[in-house]
Number of protein chains: 2
Amino acid sequence: MSSATITDVAQRVGVSVATVSRYLSGFNVRQRDEIENAIHELNYRPSAAARNLKSGRTATVAIVVPDISNPFFAAIASGAEAAAGPDYMVLLVNSGAVREREEKILGQLFGRVDGVILSPLQEDNEGPSFFSKYGLPIVFVDRITADADKFDSVLVDNVKGARLATEHLIALGHEKIAIITGPLHTTPGRLRAEGYTSTLKREKIALQKRYLIESDFTREGGYASMVKLLEDPIPPTAVITGNNLMSIGALEALKEKQIRIPEDISIIGFDDLEFPTLIEPGLTAIFRPWHEQGAEAMRALLARIAAQAAHTELSPQHHMVDVHLIERGSCAPPKGLPARSKG
Amino acid sequence: MSSATITDVAQRVGVSVATVSRYLSGFNVRQRDEIENAIHELNYRPSAAARNLKSGRTATVAIVVPDISNPFFAAIASGAEAAAGPDYMVLLVNSGAVREREEKILGQLFGRVDGVILSPLQEDNEGPSFFSKYGLPIVFVDRITADADKFDSVLVDNVKGARLATEHLIALGHEKIAIITGPLHTTPGRLRAEGYTSTLKREKIALQKRYLIESDFTREGGYASMVKLLEDPIPPTAVITGNNLMSIGALEALKEKQIRIPEDISIIGFDDLEFPTLIEPGLTAIFRPWHEQGAEAMRALLARIAAQAAHTELSPQHHMVDVHLIERGSCAPPKGLPARSKG
DNA sequence: TTGTAGGCGTTATCAT
DNA sequence: ATGATAACGCCTACAA
């Protein structure tokens, strides 16, 4: 039987439910042993739903991400979990990068969690303040919405990362530099593109629109984008890939076309790969601490929850993790790709 | 304000809570527009906790896995989610491969979910039937406990997979075959080792105990185990790695020691890598459909939940997904590794 | 169609 | 230290 209640336990022992409840809360009770036995024999488990309802607290937080299969988000979750400590259960929920699912999930989470860490799908939500509807503490991680200033956030320095990558390639002598970035309505997609374009501008290199490819953060998108770049009449001599999955897709495309790295083309990834030493040559990449970014988000969320519980005003906190460039073997001075024959 | 209740809405409109409740359930109500407005203005969200408590149903299922950073479990989750359909919210919870956390999580989940898909940490739980305590529907995926026959399960044919790998190496002429397997108290760790030993026995190859290494399914474990094998006075000419992460660790060790694959050593992985084409040579591997295995688990769970709701007896269902060998470039006939000088 | 009221399982506030 | 009892927010007969 699954449904023994606190009442059943109380009756079996011959005490009131209050006493059992006290025992459960760690108070000292005379018949503690009998109660313990009864709980064991009846397989009694406190109903979390009832507890939530009564106490208002859930001892649970959720992390809502667009793609759980992306190792980046898995690492974010992992870091957040490590920072949550034993008092909180951490739930991971996948929105599948579907806008309406994300909204539905947030609604369903309401009342079952004390707070949410969220990587929202888009920056421009309908209405000025979509997320304000949810009265629960929210911390944005990696991505923000239009009303981001009203919420805590833990971002990465996207502009700097893209700048470092672009500068590195320029320093090597590249001018035909392309970027495969994520959707421009997402924070990392937009800001990484911005870091790229602003650096080109500062270095007096004309921006070629066809070198700025808006893709979708997926491996397939990275593959297709790289193929497209290679089919250009004047293909780039260097490419920046806008996230880990697109780096992999792009590398797969290059391998398939038997284009040598870095002899034929240089490539640099935003976000390091998980197993960087296994591929040859190693991918030069913009590194940031995934795990730590998740941990920071959790700390921010717990602070926010504590503030709310104490009815304390706490202005939105905006954190940013730093990036740096890791040089491996995927970049070299340009030699130019042989002009491609059509088809 | 976060805490508008159904009562607030009812009062504002001037109807009873029952009417609002009916509106929420989709019934036709006279003042539907007014109610809708009030809900919007008050930012009212139904409390999931209260609903759960009342109805007993949660429209939620959880997947509890030992390591969310392992792409295999991410894929299981992804597949399960795809099979869950829009009516269920799917929660992912990470036990972090810590026994007591797993138990705590299961306890906390009780009353907040309609069922659980679980990859338990160990086969031998204390007491004959540890999980029977939890009255909620459980489906085991990839791993089982001692009382597995009482529960639904979706496993992979571990023995066959290990046999295929071992046979493949034997057919190439290898006799000094090692295996790096997972903990023997886990299902895949134990059964993959069994498939290996039984095949050796059938093929009349003496089992060398030092060639059977019990590791821990982690990248670090795979690395250390491979290092250990290489330090053996008579190192194996072929190695089977017991999961994806250990394959990566083992490959990293080989790369670091500059041992050539397959010239110096053959290697074959249980479970394919995610990006098999990027590493050179490609890893010959035992393939199984991760995503489909997760989907199958979800279907089993939903069936179990439905049966419970209908008070129908449903004997435990045991499913098994098939495996096959994918040949790439990491295996060749043995030439023997040069005898290693100590240190 | 609508309102009233009881109860889901707990916790917390009273007395005792 | 213990017991009765009133919420928590919602749903659902039962009546009207």
Side-chain angles (χ1 to χ4, degrees), chain A residues 1-36 38-39 42-60 107-114 134-136 308-309, chain B residues 1-36 38-39 42-60 107-114 134-136 308-309:
Chain A
M1 294 303 97
S2 61
S3 48
T5 76
I6 197 173
T7 310
D8 299 327
V9 176
Q11 287 183 342
R12 186 177 180 101
V13 178
V15 296
S16 75
V17 293
T19 302
V20 179
S21 177
R22 288 192 189 96
Y23 165 83
L24 256 24
S25 313
F27 280 60
N28 208 1
V29 176
R30 199 152 294 284
Q31 316 212 42
R32 39 179 294 187
D33 293 341
E34 291 88 331
I35 293 177
E36 192 172 328
I39 287 177
L42 294 172
N43 282 334
Y44 165 70
R45 309 240 125 213
S47 154
R51 279 192 163 157
N52 295 175
L53 180 58
K54 182 61 186 154
S55 66
R57 290 196 68 261
T58 64
T60 305
Q108 294 187 277
L109 249 22
F110 187 83
R112 332 172 107 157
V113 299
D114 294 339
Y134 304 94
L136 80 172
Q308 174 171 309
Chain B
M1 295 298 99
S2 62
S3 48
T5 76
I6 197 172
T7 310
D8 299 326
V9 176
Q11 287 183 342
R12 187 176 181 102
V13 179
V15 296
S16 75
V17 293
T19 303
V20 179
S21 177
R22 289 191 188 97
Y23 164 84
L24 290 172
S25 313
F27 280 59
N28 208 3
V29 177
R30 200 154 294 285
Q31 318 212 41
R32 40 179 294 186
D33 294 340
E34 290 88 330
I35 292 177
E36 191 171 327
I39 287 176
L42 294 172
N43 282 334
Y44 165 71
R45 311 236 124 216
S47 153
R51 277 192 165 157
N52 296 175
L53 181 57
K54 181 60 186 158
S55 66
R57 290 196 67 261
T58 64
T60 305
Q108 293 187 277
L109 249 23
F110 187 83
R112 333 172 102 156
V113 298
D114 294 339
Y134 304 93
L136 79 173
Q308 175 171 307

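Numbered from 1 within each chain, the chains take letters A, B, ... in sequence-line order. For clarity, every value in this text was computed on a predicted model and none was experimentally measured.
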### Task
Not counting sequence neighbours, list each pair that qualifies as a side chain to side chain donor-acceptor pair (under 3.5 Å) and has a residue in residues 13-27 of chain B.
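Qualifying pairs, neighbours excluded: S16(B)-T19(B), Y23(B)-E36(B).
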### Task
Output the distance between atom OH (Y44(B)) and atom CD1 (I35(B)), rounded to the nearest 0.5 Å.
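Answer for the OH-CD1 pair, Y44(B) versus I35(B), is 11.0 Å.
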### Query
Quick one: OG on S47(A) to CG on N52(A), what's the gap to the nearest 0.5 Å?
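Interatomic distance, S47(A) OG to N52(A) CG, rounded to 0.5 Å: 7.5 Å.
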Quick check: closest heavy atoms across [X] and [Y], and the distance to 0.1 Å?
| X | Y | answer |
| --- | --- | --- |
| A49(A) | G111(B) | CB-O, 3.7 Å |
| A48(B) | Q108(A) | CB-O, 3.9 Å |
| R112(A) | T60(A) | O-CB, 3.9 Å |

### Task
For R32(B), check side-chain hydrogen bond (donor to acceptor under 3.5 Å, both in side chains) against everything at least two apart and list the hits.
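Not a single residue meets the side-chain hydrogen bond (donor to acceptor under 3.5 Å, both in side chains) criterion with R32(B).
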### Task
Report the distance from atom CZ of R112(A) to atom C1' of dC10(D), rounded to the nearest whole Å.
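After rounding, the reported distance stands at 14 Å.
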### Task
Could you check how far CG of N52(B) sits from C1' of dC8(D), rounded to whole Å?
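Whole-Å distance recorded here is 14 Å.
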### Task
Encode nucleotides 11-16 of chain D as B, S and - characters from 5' to 3', where the letter depends on protein heavy atoms closer than 4.0 Å: B to the base, S only to sugar-phosphate, - to neither.
BBB---
Would you give me the side-chain donor-acceptor pairs under 3.5 Å for residues 8-15 of chain B, sequence neighbours excluded?
| unit_1 | atom_1 | unit_2 | atom_2 | d |
| --- | --- | --- | --- | --- |
| D8(B) | OD2 | T5(B) | N | 2.7 |
| R12(B) | NE | E41(B) | OE1 | 3.1 |
| R12(B) | NH2 | E41(B) | OE1 | 2.4 |

#### Entry: Divergence of helical axes at both termini of the helix from dT1(C)-dA16(D) to dT16(C)-dA1(D) - five pairs an end, 10° steps
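Here the helix ends are tilted 40° relative to one another.
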### Query
Can you tell me if D114(B) and T58(B) form a side-chain donor-acceptor pair at under 3.5 Å?
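There is such a pair between these side chains.
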### Task
Go through DNA chain C in 5' to 3' direction and return only the first and the last nucleotide with some atom under 4.0 Å of chain A's heavy atoms.
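Boundary nucleotides touching chain A, in 5' to 3' order, are dG9(C) to dT13(C).
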### Query
Of L53(B) and G14(B), whose closest DNA chain C nucleotide lies nearer the 5' terminus?
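This one resolves to G14(B).
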### Message
Would you say that V20(A) contacts V29(A) through its side chain, given a criterion of any heavy-atom pair below 4.5 Å between the two side chains?
### Response
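Of all side-chain heavy-atom pairs linking V29(A) with V20(A), none is under 4.5 Å.
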